Each structure stands twice: as C-alpha cells, then as structure tokens.
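Just the heavy atoms: all of them, side chains too, but no hydrogens, waters or symmetry mates, feed the values below. As the structure is a prediction and not an experimental result, all values here were calculated from the model.
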Amino acid sequence: EFNDSKLSTPDESLWWYETGASGWGNNEIQNYIPGSKNGETCAQVSNGTLKIIAKKVGNQVLSIRMNTRQSWKYGYFEARLKLPKGKGTWPAFWMLPKNFTAWPDDGEIDIMEHVGNQLNRIFGTLHYPGRSGGNADGASVMISNATTEFHIYSMEWNASNIKIYVDNQLFFTYNNNPNSPFNQNFFFIMNVAMGGNLGGAVDPNFTSSTLEVDYIRVYQ
C-alpha cells in the first residue's frame, strides 16, 4: 500500500532500485535512476499512490526500475495500476527469481506488460528454457482505458499452474511442473521502459508519462 502520508518516496526498506542506461538487453533508451537524481524525481508517493515517471530531460529519458526486497513462492498476487500513455512507453509488473543467475534458465514471470504502440493490449508472459524472447510462452488480451483508468492485474501461482488475469478475466494459463523454474522464490519488479525491441518507436514529442500504482498485494 502507498497510503503513508509521512512518505513522499517509496519505502526503501521494502524496495531497492536498479540503475543505468545499458539498454537492458532489449535496446531500450531509458536511463534508470535511484528515485531522484540531480534534482529530477521519477518515483514519488502522493495521495495514496506510487507514481513511476518516465521523463525526457535534455537528450535522455529518465525512468525507474524498482524491486521488492522480499520474495515469495506461490500465492495470489495483484496490483491495481493505471498505465502510462504514449508511443514507446513499456511499463511492466513482473518477477524474477531471488537467486537469479542466468536468463532464461531461472525463469521470468511477466504478470503485466503494455506498450504504447499497441494501446490497451495487455501481455502476460513466461520466459524459461526453450521459451524465451520472441518465442516466450504467453498470451494477450484487449481491455479498455488502460491508460486512463485503474485495472487489476493479477496472478495465481502454485505447483500445478500459473494463471494470469486482468480484472478477474483469465487470459493465460501455464501448466507448472517439478522440472520448471517456477518452484522457487521470486521478487517483484515495477518499471517503465522506453522504446526497445518491444516498446518500439518513441513519440518524438514525448515529454513524460506516469505509471500509477494504487497497491501491490500478496496473499498466501
């Protein structure tokens, strides 16, 4: 929850930032910063929500990639989100293993991805050996008002299956098994990427856009 009126930025006892402008394996253009840098703030808490802001500053785009310090194995997970608008935006609510060493061997769970160049199409995807990158295992669904209204993006995960939903509508199911990488602790990542292999062309007039997070909840 992001309801603590005493905090204007995310609680760093719960979250940590990944930083840099390396392209992140997907030819992305953003430079991830640690909340604030040189007077520019890209992660703030106000009026009960977290705002992750991608913004153009000079000749670069600043943004946020923030991870939970806690991790979980199995459960029901949901986030209530309003997605950033604009061509080239690529927000994601996803998970990687706590003991991550190699991709895609260790697995990746993408509960929600959206790209501004495919407005209102929501992707749910798993990456694992033999099914990664452009050959990943997943599905997509069209919704309305992804960038103007809040929606609930959720996942049920156990030893038998992984099910991904939008607003309680199931649109992707994976049959889990003992040999898959999805039987270990995973942590959350919230980020707004820009451009890249999936994000595509960025609007040349882009100035800023915001991923708004009402909450992230875990039930076990």
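When all heavy atoms of H151 and N145 are compared, the pair lying nearest together is NE2-O, 3.4 Å. When all heavy atoms are compared, the tightest approach of Q220 to Y74 is NE2-O, 2.7 Å. Considering every non-hydrogen atom in both T125 and I164, the closest pair reads N-CD1, 4.2 Å. Listed here is the closest heavy atom pair of G199 and N117: O-ND2, 2.7 Å. P97 approaches G107 most closely through the heavy-atom pair CD-O, 3.3 Å.
Note on D203 versus K87: no salt bridge recorded, every NZ/NE/NH1/NH2 to OD/OE distance being 4.0 Å or above. Salt-bridge annotation for R217 and E1: present, with a side-chain N of the basic residue lying under 4.0 Å from a carboxylate O of the acidic one.
In the displayed structure, K98 atom NZ is contacted under 6.0 Å by at most 12 heavy atoms of other residues, nucleotides or ligands. At most 12 non-hydrogen atoms from other residues, nucleotides or ligands lie less than 6.0 angstrom from CG of N168. Atom CG of N38 has 12 or fewer heavy atoms from other residues, nucleotides or ligands within 6.0 Å.
Residues V213 and T49 form no side-chain contact, since every pair of their non-hydrogen atoms from C-beta on lies 4.5 Å or further apart. In this structure, N67 and W15 have side chains that are not in contact, with every pair of non-hydrogen atoms separated by 4.5 Å or more. Under the 4.5 Å side-chain criterion, counting only non-hydrogen atoms from C-beta, N158 is not in contact with N176. In this structure, V45 and S8 have side chains that are not in contact, with every pair of non-hydrogen atoms separated by 4.5 Å or more. Side-chain contact between I111 and W94 is absent, with no heavy-atom pair separated by less than 4.5 Å. D110 is not listed as a side-chain neighbour of L126, based on a closest heavy-atom distance of 4.5 Å or more. Side-chain atoms of P84 and P91, non-hydrogen and from C-beta on, do get closer than 4.5 Å to each other. Looking only at side-chain heavy atoms (C-beta outward), Y153 and I143 come within less than 4.5 Å of each other.
T68 places a side-chain N or O within donor-acceptor distance of the main-chain N or O of Q70, the cut-off being under 3.5 Å. Under the 3.5 Å distance criterion, the side-chain polar atoms of S132 are left unmatched by any main-chain donor or acceptor of P129. Using modelled atom types, no side-chain atom of E18 and backbone atom of M66 make a donor-acceptor pair closer than 3.5 Å. Listed for the Q30 side chain is a donor-acceptor partner under 3.5 Å among the backbone atoms of M194. Although no hydrogens or angles enter the test, the distance criterion places a donor-acceptor pair under 3.5 Å between the side chain of S209 and the main chain of K85. Looking only at distances, a side-chain donor or acceptor of D11 sits under 3.5 Å from a matching main-chain atom of S13. Judged by distance alone, the side chain of N120 and the main-chain N or O of A146 form a donor-acceptor pair under 3.5 Å.
Pairs passing the ring pair (Phe, Tyr, Trp, His ring centres under 6.0 Å) check and including a residue from residues 131-150, sequence neighbours excluded, do not occur.
The aromatic ring centroids of F182 and Y174 lie less than 6.0 Å from each other. Here W103 and H127 bring their ring centres to under 6.0 angstrom of each other. For an aromatic pair to be called close, the ring centres must be under 6.0 Å apart, and W157 with Y76 fails this. The aromatic ring centres of F188 and W72 sit less than 6.0 Å apart.
With hydrophobic clusters built from ILVMFWY side chains whose heavy atoms lie under 4.5 angstrom apart, I162 shares a cluster with V218. M190 and V115 sit in two unconnected hydrophobic clusters of ILVMFWY residues. Membership requires side-chain heavy atoms under 4.5 Å apart, directly or through other members. Using a 4.5 Å cut-off between side-chain heavy atoms of Ile, Leu, Val, Met, Phe, Trp and Tyr, with links allowed through other members, M112 and F123 fall into different hydrophobic clusters. By the rule that hydrophobic residues join a cluster once side-chain heavy atoms approach within less than 4.5 Å of another member, V192 and I189 end up as members of separate clusters. No continuous path of ILVMFWY side-chain contacts below 4.5 Å connects I109 to I152, so the two sit in separate hydrophobic clusters.
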| message | For N161 and N175: C-alpha separation, side-chain torsions, deciding distance, then whether side chain to side chain donor-acceptor pair (under 3.5 Å) applies. | response | CA-CA 4 Å; N161 52 60; N175 294 319; 5.6 Å; no
Determine, step by step, whether E212 and L50 satisfy the side chain to side chain contact (heavy atoms under 4.5 Å, CB included) criterion, reporting the C-alpha distance in whole Å, the side-chain angles of both residues, the deciding distance to 0.1 Å, and the verdict. CA-CA 6 Å; E212 194 166 359; L50 164 68; over 6 Å; no
### Message
Would R69 and L14 count as a side chain to side chain contact (heavy atoms under 4.5 Å, CB included) here? Give the steps.
### Response
CA-CA 5 Å; R69 296 187 184 277; L14 303 176; 5.9 Å; no
Tell me, with the steps shown, if I122 and L83 meet side chain to side chain contact (heavy atoms under 4.5 Å, CB included). CA-CA 10 Å; I122 304 301; L83 307 183; 3.9 Å; yes
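To the nearest 0.5 Å, atoms CD1 (I52) and CD (Q44) are separated by 11.0 Å. With rounding to the nearest 0.5 angstrom, the CD atom of Q60 is 11.5 Å from the NZ atom of K55. Atoms CG and CG, on N183 and N177 in that order, are 7.5 Å from each other to the nearest 0.5 Å. In this structure, CG in N31 is found 13.0 Å from CZ in R65, a value given to the nearest 0.5 Å. The OG atom of S154 sits 7.0 Å away from atom OH of Y165, with the distance rounded to the nearest 0.5 Å. Taken to the nearest 0.5 Å, the OG atom of S71 stands 8.0 Å off from the CE atom of M95.
Looking at T101 and D106, their side chains do bring a donor and an acceptor atom within 3.5 Å of each other. Between the side chains of W90 and E113, at least one donor N or O lies within less than 3.5 Å of an accepting N or O. A donor-acceptor contact closer than 3.5 angstrom links the side chains of N26 and E28. Residues D105 and Y128 bring no donor and acceptor atom of their side chains to less than 3.5 Å of each other. Between the side chains of K82 and T148, not a single donor N or O lies within less than 3.5 Å of an accepting N or O.
Partner of N191 under the side-chain hydrogen bond (donor to acceptor under 3.5 Å, both in side chains) criterion, out of Y32, Y17, W24: Y32 alone.
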